[in-house]
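Here is the naming used below: chain letters follow the sequence lines, and residue numbers restart at 1 for every chain.
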Protein chains: 2
Amino acid sequence: MASIKDVAKRANVSTATVSRVLRNAGNVTEETKQRVLEAIEALNYQPNVLGRYLRRMETETVLVVVPDITNPFFSKVLRGIEAVALEHGYQVLLGDTQNDAQLEEQYLNVLPQRQVDGMIFLTARIRKELMEEMARQFPIVLACEYLEGTDIPTVSIDNISSARKATEHLIHLGHRRIAHLSGPMDVILGRDRLRGYYQALAQHGIDADPALVQEGDFSYESGYNMTLKLLALEEPPTAIFAANDEMAIGAIKAIRHRGGRVPDDVAVVGFDDIQMASIFEPAVTTIAQPTFEIGQKAMELLLQLIEGNEVSRRQLVLPDHLVIRESCGGKCSV
Amino acid sequence: MASIKDVAKRANVSTATVSRVLRNAGNVTEETKQRVLEAIEALNYQPNVLGRYLRRMETETVLVVVPDITNPFFSKVLRGIEAVALEHGYQVLLGDTQNDAQLEEQYLNVLPQRQVDGMIFLTARIRKELMEEMARQFPIVLACEYLEGTDIPTVSIDNISSARKATEHLIHLGHRRIAHLSGPMDVILGRDRLRGYYQALAQHGIDADPALVQEGDFSYESGYNMTLKLLALEEPPTAIFAANDEMAIGAIKAIRHRGGRVPDDVAVVGFDDIQMASIFEPAVTTIAQPTFEIGQKAMELLLQLIEGNEVSRRQLVLPDHLVIRESCGGKCSV
DNA sequence: CTCAAATATGTAATCGATTACATTACCATC
DNA sequence: GATGGTAATGTAATCGATTACATATTTGAG
């Protein structure tokens, strides 16, 4: 492999000049520039980026840590991140934690090792103190999730209010026995959506029945299994609010397998508005998050941090909205 | 940020010794080792990997180029790759080409820039000569797709025979007017599945009707739209073989929107066996690929190449199988 | 107790590009 | 044609870790 020295030798210039041509910086005569370009061409030279990285101490790469790469919701956020990254000449590295909090903490080490210039976490199971300490030293942005009581830059929706909105919709449709398939309680997102659910019940004077809240893990299977449990109750729910669409679809399937109809016997509402929510039959009523935009904003924020700019608006809350489809059985708007 | 020099100074040893402790190589007294570890601890030292990369000229990172990260099929292959990579201490970088052949060629440059030690392509739209030249110089593996007439290491299923198998299944169920929603003709996968479709027809003496073959792009939308076209034919098909599950689901939706029933009016078969194929109603009959295993094998192959081992079995064809569900309307086995 | 071998540690070159600083070449002005 | 300023190019240090080679220290055999 040809190195910058070989090019310099062949073009009869110093490595400094070659570097100047490469970076298109400094003053280089058109003539020498041509000579260098010819040498580059002739040797089929490609600059070794490792050398540059080391010297400049930046890699123009960011790492995105995703809890589950098979979840289409995250792929869409990722697309937003990629779009902005590409535009600014940054590469996107992807870390899949497979929902393992420990793996997540490991990814954090990539930063002090200087392997990437910054990180975006689409998950937040890391101990708060550790995360804060890192965020103080390195560019870190949280997206979708957040950590309570920190000022780590964050882009997300207001999960509590949207969960409330979803639950209220079911209440307005006349439901009183509303179950909730929650996300894992060790992620803030799961807790927030549960909180929104409770708030809606309380505001409408409905007593919360602990038996109607089941903790899942955002997977189709967990939605399916928990719904079977709910249906086995002496007094089963007439509506189910699932903390994401995959669990909602799992719920619908379970209801059907038990011979019930959706929405006639049990109404279902999901969360995220993944593509399948609109394709599935019945189409799933859900909360639509501005996924692409979340990704964009998160990457923009990260770029600010990397460039050392002072960021005034560190916490962004983007608008979401309820998309009413068939699975809830009513067009009543909130 | 503390560097290896700081650690060396604090522990009163040379950088060489610190490096030896870090890499756990060479002979170091237990006592000095402890001193070094203490210094590392005290300074909260993290080795800068860029220095190591440059010196060793390897990054222990591989790049996986994916045509579409939102496609769940690829996420599953990716999981297989990740599993093996992690096991061997390799990082996985992800490149999403968004189905853009040009972007794909750009990723190829990452290799001579020494940014990664090897690449796995889950897509193959690059000009054959270019790809071959690169593969001669650097570790490259193709998975799922392949290039005709090269000996670039490849892991995939036999798409022709499985497409034939799927089509034959429909023939055995009594269908004669069988349509095919193909993948893009500029990817070999699209062409192979089409070829298998033609072979099956020919073997059973059925004339191929060009009007029954529609070229899509593997997206749900294209499946939907092309099916509407097929249904508008004077003599519409009684069965549709789609080149992937997403198009198959698009087809089912289109048939339904036109008032048809699946499988009663039109039978549908897909390809890939993504999770939604089994969840959707009617559940989609499809070809199941050993996704995880494809990923594993591809990564194992790549590791062989990176380590410079001579690889005897360069082209792996893994077994797939037809999963018969509801959308084809028959349990007749092939 | 001596000497060779084995073990432990240090010195300094190296990876490839970038860049601060130094030097040379060129040009315009008086 | 001397002077000063600018433009073009070169020299060499630098980034941080690794490692070939050199040196110092310890160990064991006789």
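Under a 4.0 Å N-O distance rule, the pair D96(A)/R79(B) qualifies as a salt bridge.
Residue pairs meeting the salt bridge (Lys or Arg N to Asp or Glu O under 4.0 Å) criterion with at least one member in residues 2-25 of chain A: none, sequence neighbours excluded.
Across the helix from dC1(C)-dG30(D) to dC30(C)-dG1(D), the helix axis at one end is tilted relative to the axis at the other end by 40° (nearest 10 degrees, each axis from five pairs).
Under the rule for a salt bridge (charged side-chain N to carboxylate O under 4.0 Å, His left out), the partners of R127(B) that lie at least two apart in sequence or sit in another chain are E105(B). For D217(A), the side-chain hydrogen bond (donor to acceptor under 3.5 Å, both in side chains) test picks out S219(A), S222(A), with sequence neighbours left out. Contacts of Y107(A) classified as side-chain hydrogen bond (donor to acceptor under 3.5 Å, both in side chains), with partners at least two apart in sequence or in another chain: none. Scored by the salt bridge (charged side-chain N to carboxylate O under 4.0 Å, His left out) test, R314(A) finds D151(A) as partners (sequence neighbours excluded). Considering only residues two or more places apart in sequence or on other chains, E60(A) meets the side-chain hydrogen bond (donor to acceptor under 3.5 Å, both in side chains) condition with none of them. Scanning for side-chain hydrogen bond (donor to acceptor under 3.5 Å, both in side chains) contacts around N309(A) gives Q304(A), with sequence neighbours left out. With sequence neighbours excluded, no residue forms a salt bridge (charged side-chain N to carboxylate O under 4.0 Å, His left out) with D117(A).
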Sugar-phosphate or base contact per nucleotide [nucleotides 15-20 of chain D; S, B, -; heavy atom under 4.0 Å]
BBBBB-
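A sub-4.0 Å separation between OP1 or OP2 of dT9(C) and a side-chain N or O of T29(B) is present.
At whole-Å resolution of the value, CZ in R35(A) and P in dA8(D) are 14 Å apart.
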Taking distance alone, no hydrogens or angles, what donor-acceptor pairs closer than 3.5 Å link side-chain atoms of residues 294-301 of chain B to residues at least two apart or in another chain?
none

Polar pairs (N or O, both sides) under 3.5 Å between protein and nucleotides 5-7 of chain C?
none

